[in-house]
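Below is one structure; the comments refer to it alone.
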Amino acid sequence: EVQLVQSGGGLVQPGGSLRLSCVASGFSFDGYTIGWFRQAPGTERDGISCIKGSDGTKHYAHDVKGRFTISIDNAKNTVYLQLNDLKPEDTAVYYCATSYSLGAGPHFMIYEYDYWGQGTQVTVSS
């Protein structure tokens, strides 16, 4: 059974950093794409980053590029999203998601992903 369990998140001041983790079970990353999404209150869930498990190809949405970094630790079956230089507008619930054989990216659409983590809250406030 494919499962994604998230951890990390919390409250941080503007300019601060957080690292989100997404631990996968029931599959290995080869052949899968892992995406990160976020959803602020009253808004749609938006894709912000994704990584292709087979070759590590990464993509970022414009508003997080240069501040967020996605990475894979295959030994731990974990995908990370490092959030740096956080801004109040980054406040949202963050989700990881995965799907098999999405091909060349980017993949930022909700319907592309079959499995989702439970979400974790990130709040950026002074």
Side-chain angles (χ1 to χ4, degrees):
E1 179 185 5
V2 173
Q3 285 191 324
L4 300 172
V5 178
Q6 297 180 227
S7 61
L11 173 65
V12 64
Q13 293 186 344
S17 298
L18 285 172
R19 189 177 76 165
L20 307 183
S21 300
C22 177
V23 180
S25 61
F27 70 104
S28 62
F29 290 132
D30 190 27
Y32 282 77
T33 294
I34 300 87
W36 283 96
F37 291 73
R38 67 184 181 185
Q39 186 169 20
T43 70
E44 296 183 348
R45 191 174 300 186
D46 294 324
I48 56 173
S49 184
C50 64
I51 187 167
K52 192 175 179 182
S54 59
D55 63 10
T57 301
K58 305 173 185 181
H59 297 278
Y60 298 95
H62 176 75
D63 54 353
V64 305
K65 194 170 186 178
R67 299 188 299 122
F68 293 4
T69 303
I70 191 170
S71 62
I72 285 181
D73 184 335
N74 284 297
K76 296 182 178 180
N77 230 34
T78 301
V79 175
Y80 300 101
L81 188 67
Q82 178 69 39
L83 288 60
N84 295 331
D85 189 23
L86 282 161
K87 305 174 182 180
E89 52 264 41
D90 294 318
T91 295
V93 178
Y94 284 69
Y95 298 89
C96 62
T98 193
S99 193
Y100 182 73
S101 192
L102 289 181
H107 299 284
F108 290 155
M109 305 302 292
I110 296 173
Y111 68 81
E112 296 182 282
Y113 291 86
D114 296 320
Y115 305 97
W116 291 81
Q118 79 276 19
T120 187
Q121 177 70 45
V122 172
T123 303
V124 185
S125 175
S126 55

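The first residue in the sequence is number 1, and the count goes up from there.
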| query | Please, which pairs that meet disulfide bond (SG atoms under 2.5 Å apart) have at least one residue in residues 45-83, sequence neighbours excluded? | reply | none

| said: Show me the pairs that pass disulfide bond (SG atoms under 2.5 Å apart) and involve residues 82-126, at least two apart or across chains. | reply: Cys22-Cys96

| Verify same cluster id: Val2, Val23 (apolar side-chain graph, 4.5 Å) |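 Val2 does not cluster with Val23.
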
| query | Linking I/L/V/M/F/W/Y whenever any side-chain heavy atoms sit under 4.5 Å apart, do Phe108 and Val79 land together? | reply | no

By side-chain hydrogen bond (donor to acceptor under 3.5 Å, both in side chains), which residues pair with [X], not counting sequence neighbours?
X: Thr123; result: Gln121
X: Asp90; result: Arg38, Arg67
X: Asp85; result: none
X: His107; result: Glu112

| task | Check which hydrophobic residues are tied to Met109 through side-chain heavy-atom contacts below 4.5 Å, counting indirect links as well, and list them. | result |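 Taking Ile, Leu, Val, Met, Phe, Trp and Tyr as members, Met109 shares its hydrophobic cluster with Tyr111.
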
| query | Which other residues end up in the same hydrophobic cluster as Val93, if Ile, Leu, Val, Met, Phe, Trp and Tyr are linked when side-chain heavy atoms come under 4.5 Å apart? | reply |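 Its cluster partners, ordered by chain and number, are Phe37, Tyr95, Leu102, Ile110, Tyr113, Trp116.
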
[X] versus [Y], closest heavy-atom pair with distance:
X: Val122; Y: Leu20; value: CG2-CD2, 4.0 Å
X: Gly47; Y: Ala61; value: O-CB, 3.8 Å
X: Thr69; Y: Tyr60; value: CA-OH, 3.4 Å
X: Ser125; Y: Pro14; value: C-CD, 3.6 Å
X: Ile48; Y: Val64; value: O-CG2, 3.4 Å

Separation between [atom1] of [X] and [atom2] of [Y], rounded to the nearest 0.5 Å:
X: Asp46; Y: Asp63; atom1: CG; atom2: CG; result: 8.0 Å
X: Phe27; Y: Gln3; atom1: CZ; atom2: CD; result: 10.5 Å
X: His59; Y: Ile51; atom1: NE2; atom2: CD1; result: 10.0 Å

| Glu44 atom CD, neighbour heavy-atom count above 12 within 6.0 Å |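 No, not enclosed.
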
| request: Report yes or no: does Asp73 contribute a side-chain atom to a donor-acceptor pair with the main-chain N or O of Thr78 at less than 3.5 Å? | output: no

| Would you say Thr120's side chain and Gly8's backbone share a donor-acceptor pair under 3.5 angstrom? |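 At least one qualifying donor-acceptor pair exists.
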
| query | Pairs in or reaching into residues 62-91: which pass ring-ring contact (aromatic ring centres under 6.0 Å, His included), with residues at least two apart or in two chains? | reply | none

| query | So, Ser99 and Asp114: side-chain donor and acceptor under 3.5 Å apart, yes or no? | reply | yes

| said: Give me each pair satisfying side chain to side chain donor-acceptor pair (under 3.5 Å) with a member in residues 6-23, each pair once, sequence neighbours excluded. | reply: Ser17-Asn84

| query | Restricting to pairs with a member in residues 23-34, which pass side chain to side chain donor-acceptor pair (under 3.5 Å), not counting sequence neighbours? | reply | none

| field | Residues which pass side chain to side chain contact (heavy atoms under 4.5 Å, CB included) with Asn74, listed by chain and number, not counting sequence neighbours | value | Phe29, Ile72

